[in-house]
Enquirer: 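Pasting a structure below so you can have a look.
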Amino acid sequence: MNKFNIYKLSLGLAALCVITIIVLFFTTGLAQAGPVMIAFFILLAIGFRGFPTLKGFAYTVIIFAAVTTALYYPSYFVEYNGFKFAVLITPLIQLIMFGMGTSMSVRDFVGVVKMPKGVFIGVFSHFLIMPLLGFTLANISGFTPEIAAGIILIGCSPNGMASNVISYLAKANLALSITITAVSTLLAPLLTPLLMKLLAGAFIKIDVSHMMLDITKMVIIPIAAGLIVNKILKGRDKWMETIMPLISMSGIAFIIVIITAAGHDSLLDIGFKLILLVLIHNLLGYTLGYWSGRLFKMKERDCRTMAIEVGMQNGGLASGLAKEMGKMATVGLAPAVFGPLMNVTGSILASYWHRKPITDEEITEEEIVPVT
């Protein structure tokens, strides 16, 4: 059996799982459907790998499988023999940020000089639009203060590296995307705590200095270390370029699973409403980000970059901050939901824009710099 037939077989078995889930729903209920739902997502992810247009969704589908596992069997992901898995969140975030640093170089910051207008508009829009959207949605959500504060937290977080990948696929301005991500990440230790104090202070107590220290510890130091390692080993050890993205993806998946298990009861109670609000947050971020570029008469390629850089957040950092606040099972829920949803919507948006031609400009060499 060739590989393509295996992929088709996986999709066929996934369809069979859907039928089984529907039957269980109308007979015994979904309480017994856990193993079938987990199998469905795993088989779907395997099947997606066989089709170029769907391959990019495979990782996100695996995340859904992991989240489903954590929802049905939460006790396995809270602790083991007295060891609480939550203590791994901060080291995992540091490892992910170190990986981000190894994929960057000093030239990623040169764009501040080459494209000052685009960088300023991107960073300003990001730290204005998403926090205000989060604050608005938190106020109308009706959630408990800590869960509502989590919506604001994900809005106040910087960009993640996923935005650079999506920008590349969407034929956006990759050089600008990388620079905005780098600058917003460096500004996070200052802006994220201050915005949280201003917007979320009425929901929960925010220790600004402590949060600044946490972000520095989780983001700035690991990224600096990654930059140094990249400078020393660049071109010598290709294994790091291969293994670090895999480690980062695995780390993000594990963090989401831990938070899902810890917030099991709350998610079962408000899960659908939280998913809906987070989706609105994300989609409005894309929309308002795009039109912020249009407002300043930026070209189509740059407007696409604005949309992606505003709408996509560093969910891992937000999750780590929720853990450091001791509110992983409440404040950490919105960031845990935002991450997988963001990957799905971002991939769909990139696929749409990839097929849509850009007519208002020529592609320059600077704009197609590959991700380092």
Enquirer: Test of understanding: with ring-ring contact (aromatic ring centres under 6.0 Å, His included), list the residues that count as partners of Tyr290, not counting sequence neighbours.
Expert: Trp353
Enquirer: What I want to check is whether the side chains of Asn230 and Thr102 have a donor and an acceptor closer together than 3.5 Å.
Expert: no
Enquirer: Given side chains that start at C-beta, do those of Phe41 and Val67 come closer than 4.5 Å, heavy atoms only?
Expert: no
Enquirer: In terms of heavy-atom contacts, does CZ of Phe272 have more than 12 from other residues, nucleotides or ligands at under 6.0 Å?
Expert: no
Enquirer: Who pairs with Ile93 by side-chain contact (heavy atoms from CB on, under 4.5 Å), at least two apart in sequence or on another chain?
Expert: Ile89, Met97, Met218, Ile255
Enquirer: Scan Leu132, Leu133, Leu128 and name whichever one has a side chain to side chain contact (heavy atoms under 4.5 Å, CB included) with Leu288.
Expert: Leu133
Enquirer: Going by an N to O cut-off under 4.0 Å, is there a salt bridge joining Asp214 and Lys217?
Expert: yes
Enquirer: Of all the heavy-atom pairs spanning Met196 and Leu153, show the shortest one and how long it is.
Expert: SD-CA, 3.5 Å
Enquirer: Who pairs with Lys117 by salt bridge (Lys or Arg N to Asp or Glu O under 4.0 Å), at least two apart in sequence or on another chain?
Expert: none
Enquirer: Using distance alone, with no hydrogens and no angle criterion, decide if Asn164 and Ser177 have a side-chain donor and acceptor under 3.5 Å apart.
Expert: yes
Enquirer: Would you kindly say whether Glu309 and Ser163 are connected by a side-chain donor-acceptor distance under 3.5 Å?
Expert: yes
Enquirer: Donor-acceptor check, side chain of Lys84 to backbone of Glu79, threshold 3.5 angstrom: yes or no?
Expert: no
Enquirer: Using a 4.5 Å cut-off on heavy atoms from C-beta on, say whether the side chain of Leu333 contacts that of Glu146.
Expert: no
